[in-house]
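Start at 1 and go down the list; that is how both ligands and their atoms are numbered. Computed from a predicted model, the values in this text were never measured in an experiment.
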Amino acid sequence: MDKSSIENSMKQDISAVNDAAGLSVFKAKYNGKKGIITELFSGMKDITDKEEKKQAGLAINELKNMCEALAAEKEKQLLDSKKAEGLKGVDVTLPAYGVEKGALHPLTLVTEEINSIFLRMGFSIEEGPEIESEANNFTALNFPADHPALDMHDTFYMENGYLLRTHTSPVQVRAMKKHKPPLKIIAPGRVYRRDAVDASHSSVFHQVEGFMVDENIHFTDLKGVLDLFLKETFGNSLKTRFRPSFFPFTEPSAEVDVQCVNCMGKGCPACKQSGWLEIMGAGMIHPNVLSNVGIDPEKYTGFAFGMGVERIAMLKYQIDDMRLLFENDVRFLKQFR
Ligand code: DAH
């Protein structure tokens, strides 16, 4: 058989192929172990003339390439027509099913916003466990065993000195034991209290703790950081106020207020006519707390603060019942898309 008659017969054969089985037969006939092209290759050993051998080799290779190209092209055609077959009766111009877009929960949004403000001020984020030791939750934070401040922190106790943490302040203890000053850390997370659930209380809620420890940290640093934070969160025109308070782990301690976002400080039901909203507790870290974690209080000082995420979310989005944040009713959550 000469070259062009093999070419013609390949063309003829391939045009008759209309399924995968036919394609295999075609491949075997020409390129298989006993295929026509394969036989031609093995016949080359009988050609003695060098030039003739070379020409034969080239010609057979061309046949082989052509065979492979024809097979590949047919394979693609078969695949395409299979796809087209599958779409028969389907109107490809119809719009796709709508994908419902989800959204972040308002508590996640607010926590991320709080985090980002402090990250911009150079703080880093640390997290602690929700099951915490009594030692970290209370003792290391300078709560005496019979202190009345423990009443506010009635919680869920476990065996072996563990409890569900009542605040994120124990992350201070963990972080200060782990790292040496200077420290600039915030600690967001979930906390627990044995509180009855109502419009402004929940037994599970969220806090963001923050603290800074270095040489020469003063109350003015605390005021500067928190004033900037509150202005970023609630608006630049609102004033910040520090009132004396008490926490066992800070001395001096303060409650931090911002002018009422609802009435701009004039007085309204939301702020009980006072013009101020209480946002968080803060203070200079008590020297006992620093000593408890092995930091020299003669050399280092620090400030700390802690706030409730639900309260900030409620003020920011004018939500009047905390339970809405936990019910997960999509009609409520949809509004934060
Ligand atoms: N841990 C306090 C609480 O849950 C909040 C708090 C107050 C944290 C003052 C602080 C602070 O770091 O300095 O009630």
Side-chain angles (χ1 to χ4, degrees), residues 111 114-115 118 121 123 125-130 132-144 147-156 163-176 183-195 200-213 217-227 229-230 240-258 277-290 292-293 295 297 300-312 322:
T111 307
I114 296 171
N115 289 349
F118 284 104
M121 286 196 259
F123 283 71
I125 299 176
E126 288 260 339
E127 285 178 313
E130 290 168 28
E132 183 55 283
S133 66
E134 257 182 89
N136 286 344
N137 195 80
F138 293 128
T139 322
L141 288 168
N142 202 37
F143 283 80
H147 198 279
L150 290 177
D151 292 352
M152 286 193 305
H153 290 254
D154 240 2
T155 187
F156 304 96
L163 44 71
L164 293 183
R165 66 178 177 187
T166 59
H167 52 178
T168 41
S169 304
V171 183
Q172 279 188 42
V173 178
R174 291 174 170 273
M176 288 195 280
L183 295 171
K184 254 172 126 176
I185 287 171
I186 52 164
R190 193 173 289 137
V191 302
Y192 302 81
R193 301 263 171 107
R194 230 198 64 195
D195 268 339
S200 55
H201 291 87
S202 166
S203 51
V204 183
F205 59 104
H206 300 78
Q207 290 187 332
V208 176
E209 181 83 11
F211 61 98
M212 184 168 174
V213 181
I217 299 292
H218 305 289
F219 201 87
T220 46
D221 299 307
L222 170 63
K223 288 181 96 170
V225 165
L226 291 186
D227 189 57
F229 165 73
L230 292 168
T240 311
R241 178 174 85 170
F242 287 71
R243 275 181 297 115
S245 183
F246 172 81
F247 298 100
F249 38 90
T250 44
E251 178 59 33
S253 305
E255 295 286 349
V256 187
D257 300 344
V258 69
L277 297 167
E278 197 179 304
I279 303 291
M280 63 177 122
M284 299 305 290
I285 299 176
H286 197 293
N288 288 352
V289 174
L290 294 174
N292 287 343
V293 295
I295 292 178
Y300 293 103
T301 48
F303 66 73
F305 55 86
M307 65 190 107
V309 179
E310 281 76 4
R311 176 152 174 80
I312 295 187
M322 193 186 285

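Residues Y192 and L163 form no side-chain contact, since every pair of their non-hydrogen atoms from C-beta on lies 4.5 Å or further apart. At least one side-chain heavy atom of M176 sits less than 4.5 Å from a side-chain heavy atom of V213. Residues L141 and P170 form a side-chain contact, since some pair of their non-hydrogen atoms from C-beta on lies under 4.5 Å apart. Side-chain atoms of F242 and L226, non-hydrogen and from C-beta on, do get closer than 4.5 Å to each other. I312 is listed as a side-chain neighbour of I279, based on a closest heavy-atom distance under 4.5 Å. Annotation: side chain of E278 is in contact with side chain of R311 (closest heavy-atom distance under 4.5 Å). The shortest distance between side-chain heavy atoms of F229 and I114 falls below 4.5 Å. Looking at heavy atoms from C-beta onward, L230 lies in side-chain contact with M280 at the 4.5 angstrom threshold.
Remark: ligand 1 atoms within the under-4.0 Å shell around heavy atoms of G283 are 13 (O). Against a heavy-atom cut-off of under 4.0 Å, Q207 is close to the following atoms of ligand 1: 3 (C), 4 (O). Atom numbering of ligand 1 starts at 1 in the shown order; those under 4.0 Å from a heavy atom of Q172 are 12 (O). The ligand atoms of ligand 1 that sit less than 4.0 angstrom from a heavy atom of S169 are 1 (N), 8 (C). Here is the list of ligand 1 atoms found below 4.0 Å of a heavy atom in T250: 13 (O). Within ligand 1, counting atoms from 1 as listed, the ones closer than 4.0 Å to a heavy atom of E209 are 8 (C), 10 (C), 12 (O). Ligand 1 places these atoms under 4.0 Å from at least one heavy atom of G281: 7 (C), 9 (C), 11 (C).
Taking the six-membered ring for Trp and thresholds of 30 and 60 degrees, F123 and F305 have ring planes more than 60 degrees apart, a perpendicular arrangement.
Contact annotation: for R193 versus ligand 1, heavy atoms closer than 4.0 Å belong to the side chain alone. Counting heavy atoms under 4.0 Å from ligand 1, residue M280 does not touch it at all. At a heavy-atom cutoff of 4.0 Å, ligand 1 is contacted by both the backbone and the side chain of A304.
Residue T166 places no N or O, backbone or side chain, under 3.5 Å from any N or O of ligand 1. For ligand 1, one of its N or O atoms has an N or O atom of F305 under 3.5 Å away.
By the 4.0 Å heavy-atom criterion, M307 is excluded from the residues contacting ligand 1. Distances shorter than 4.0 angstrom occur between a heavy atom of F249 and an atom of ligand 1. Between E251 and ligand 1 there is no heavy-atom distance shorter than 4.0 Å.
Taking each of G302, G306, S253, S245 in turn, the one with a heavy atom nearest to atom 8 (C) of ligand 1 proves to be G306.
Here the OG1 atom belonging to T301 is positioned 11.5 Å from the CG atom belonging to L222, to the nearest 0.5 angstrom.
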